[in-house]
Amino acid sequence: MADSSPALLFDRRAWRLHRVRAQRQGVVDFLHREVGERLTDRLDLVNRKFPTALDLSAAALDLGGTAWAVSREVVSEPDFVPFRDASFDLVASNLLLHWVGDLPGTLVQLRRVLKPGGLLLATLFGGQTLVELRTALFEAELAEEGGVSPRVSPTMELGDAAALLQRAGFSSPVADSETITVTYPDILGLMRDLRGMGETNALSARRGFLRRATLARADAIYGEHFAAADGRIPATFEVLFLTGWAPHPDDTNPRPGPRRAISQH
């Protein structure tokens with residue numbers, strides 16, 4: 001039986017190679033840019049200055065309101081946050097945390113590097129991400145190969161997110177989600193974009209490449225189950241937004257936060 005410990009959930013060498021390949025072939029960054037803009041929009045609604053910030057993202061964010069920002073290009077181990085305690089007023093992380101093997105442990109590290117009263121604002125893919133692709137690949141492999149293998153990374157459900165923040169020591173934890181749907185002519189177009197994003201399968205338990213017959217069956221199933229009237233297929237990306245504050249000695253006052261509610265779709 002394969003070791004399923006958090007440290008071995010992802011093949012780090014494969015993950016790094018996928019990102020290097022995406023850089024060489026031309027990064028497909030529309031989704032990261034869109035979510036990054038939504039994250040910074042939320043940050044703008046917080047009535048507070050953040051003199052020092054850590055940007056722990058797949059691609060650098062525009063944190064123009066900070067006096068000093070450290071952007072850590074993620075090329076090695078996203079599970080580790082090698083900074084001293086209480087180093088930052090803000091930690092912002094865009095579409096990276098779904099690649100850590102031990103999310104609770106990483107959240108504890110992020111809370112540790114925040115100064116008292118500091119803010120964590122993060123996005124990551126949630127449980128409904130690529131639900132159509134998961135379904136199509138599962139049914140295709142079962143039909144063509146008599147079994148299934150891990151093809152899409154596990155993701156966190158929205159209902160667990162706020163509790164996980166609280167468990168990691170954050171105060172006033174808030175989690176909500178937004179859904180972004182992208183359409184494609186076929187499954188190959190979707191997979192090309194996932195490669196260009198550096199978001200392809202890097203699970204340690206993955207098997208080899210999809211057989212041609214399995215991929216063709218998956219494309220057919222995708223179309224049968226999910227295609228719109230014009231024949232294009234949707235790809236759902238559920239984005240979780242996590243907000244939490246490092247405990248402050250004066251926690252009798254509510255933490256400043258967004259002045260408007262974010263609707264869930």
Side-chain angles (χ1 to χ4, degrees), residues 9-10 28-46 55-59 61-63 74 78 90-108 110-111 119-136 138 151-184 190 193-194 197-200 225-226 228 233-245 254-265:
L9 178 60
F10 296 110
V28 177
D29 64 351
F30 71 91
L31 189 61
H32 288 83
R33 282 190 289 105
E34 173 64 27
V35 177
E37 288 172 3
R38 297 188 188 195
L39 183 152
T40 53
D41 284 347
R42 290 172 179 237
L43 182 60
D44 289 342
L45 295 170
V46 179
D55 179 5
L56 189 66
S57 303
L61 293 166
D62 180 8
L63 300 175
V74 183
L90 168 70
V91 172
S93 179
N94 186 40
L95 295 184
L96 175 72
L97 295 182
H98 53 276
W99 282 114
V100 303
D102 176 14
L103 183 55
T106 299
L107 289 175
V108 168
L110 296 180
R111 197 259 305 151
L119 173 66
L120 167 70
L121 185 57
T123 65
L124 67 161
F125 288 129
Q128 294 304 303
T129 297
L130 297 177
V131 62
E132 306 93 347
L133 181 62
R134 294 171 192 265
T135 300
F138 181 91
R151 296 290 179 185
V152 182
S153 299
T155 47
M156 182 170 61
E157 297 296 332
L158 175 61
D160 299 327
L164 201 57
L165 286 168
Q166 189 169 36
R167 174 182 163 191
F170 288 95
S171 63
S172 304
V174 177
D176 68 290
S177 70
E178 297 183 14
T179 298
I180 298 173
T181 303
V182 185
T183 65
Y184 293 91
L190 168 58
D193 267 10
L194 292 175
M197 295 175 192
E199 295 286 350
T200 45
H225 290 356
F226 303 109
I233 58 172
T236 297
F237 296 90
E238 182 190 21
V239 181
L240 305 186
F241 290 79
L242 310 184
T243 305
W245 297 87
R255 291 279 159 259
R259 295 177 180 174
R260 61 175 170 82
I262 305 294
S263 61
Q264 298 183 30
H265 303 285

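- Of all heavy-atom pairs between L121 and L39, the closest is CD2-O, 3.5 Å.
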(Q) Pair V46, L119 - check side chain to side chain contact (heavy atoms under 4.5 Å, CB included), show working. (A) CA-CA 10 Å; V46 179; L119 173 66; 4.3 Å; yes

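- T243 is not listed as a side-chain neighbour of L165, based on a closest heavy-atom distance of 4.5 Å or more.
- Residues forming a side chain to side chain donor-acceptor pair (under 3.5 Å) with E34 (at least two apart in sequence, or on another chain): R38.
- A donor and an acceptor atom, one from each side chain of T40 and D62, are nowhere located under 3.5 Å apart.
- L240 is not listed as a side-chain neighbour of D176, based on a closest heavy-atom distance of 4.5 Å or more.
- The CD atom of E178 sits 10.0 Å away from atom OG1 of T123, with the distance rounded to the nearest 0.5 Å.
- Using a 4.5 Å cut-off on side-chain heavy atoms (C-beta onward), L31 and I180 make contact.
- Looking only at distances, a side-chain donor or acceptor of D55 sits under 3.5 Å from a matching main-chain atom of L61.
- Side-chain atoms of T129 never come within 3.5 Å of backbone atoms of F125 as a donor-acceptor pair (strictly under, hydrogens ignored).
- Not a single donor-acceptor pair under 3.5 Å links the side chain of R33 to the backbone N or O of A59.
- With sequence neighbours excluded, no residue forms a side chain to side chain donor-acceptor pair (under 3.5 Å) with D160.
- Inter-residue side-chain proximity for L103 and L164 is flagged as met; some heavy-atom pair is nearer than 4.5 Å.
- P234 approaches T181 most closely through the heavy-atom pair CB-CG2, 3.8 Å.
- In terms of modelled atom types and a separation under 3.5 Å, the side chain of E238 and the main chain of S177 share no donor-acceptor contact.
- Remark: R167 CZ is loosely packed, at most 12 non-hydrogen atoms of other residues, nucleotides or ligands lying under 6.0 Å away.
- Taking 4.5 Å as the limit, every side-chain heavy atom of T179 sits out of range of all side-chain heavy atoms of F237.
- Distance CD1/I233 to OG1/T183: 9.0 Å, rounded to 0.5 Å.
- Between atom CD of residue E199 and atom CG of residue L95 there is a gap of 7.0 Å, rounded to the nearest 0.5 Å.
- Here Y184 contributes atom OH and L133 contributes atom CG; the two are 10.5 Å apart, rounded to the nearest 0.5 Å.
- Put simply, the side chain of L96 does not reach to within 4.5 Å of the side chain of S57, judged on heavy atoms.
- For the side chain to side chain donor-acceptor pair (under 3.5 Å) test, no residue two or more places apart in sequence or in another chain qualifies with S93.
- Here the shortest heavy-atom pairing between W99 and G198 reads CZ2-O, 4.1 Å.
- Atom CG of N94 sits about 10.0 Å away from atom CG of L124, to the nearest 0.5 Å.
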Q) Should R42 and E37 be marked as a salt bridge (Lys or Arg N to Asp or Glu O under 4.0 Å) after you check the CA-CA gap, both sets of side-chain angles, and the distance that decides it? A) CA-CA 9 Å; R42 290 172 179 237; E37 288 172 3; over 6 Å; no

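- For CD of Q166, the number of neighbouring non-hydrogen atoms (other residues, nucleotides, ligands) closer than 6.0 Å is 12 at most.
- In terms of heavy atoms, M156 sits closest to A161 at CE-CB, 3.8 Å.
- In this structure, the side chains of T106 and L97 come closer than 4.5 Å at one or more pairs of heavy atoms.
- No donor-acceptor distance shorter than 3.5 angstrom exists from the side chain of R111 to the backbone of F170, with no hydrogens or angles considered.
- Panel note: side chain D29, backbone H32; no donor-acceptor pair is recorded below 3.5 Å.
- At least one side-chain heavy atom of T135 sits under 4.5 Å from a side-chain heavy atom of F226.
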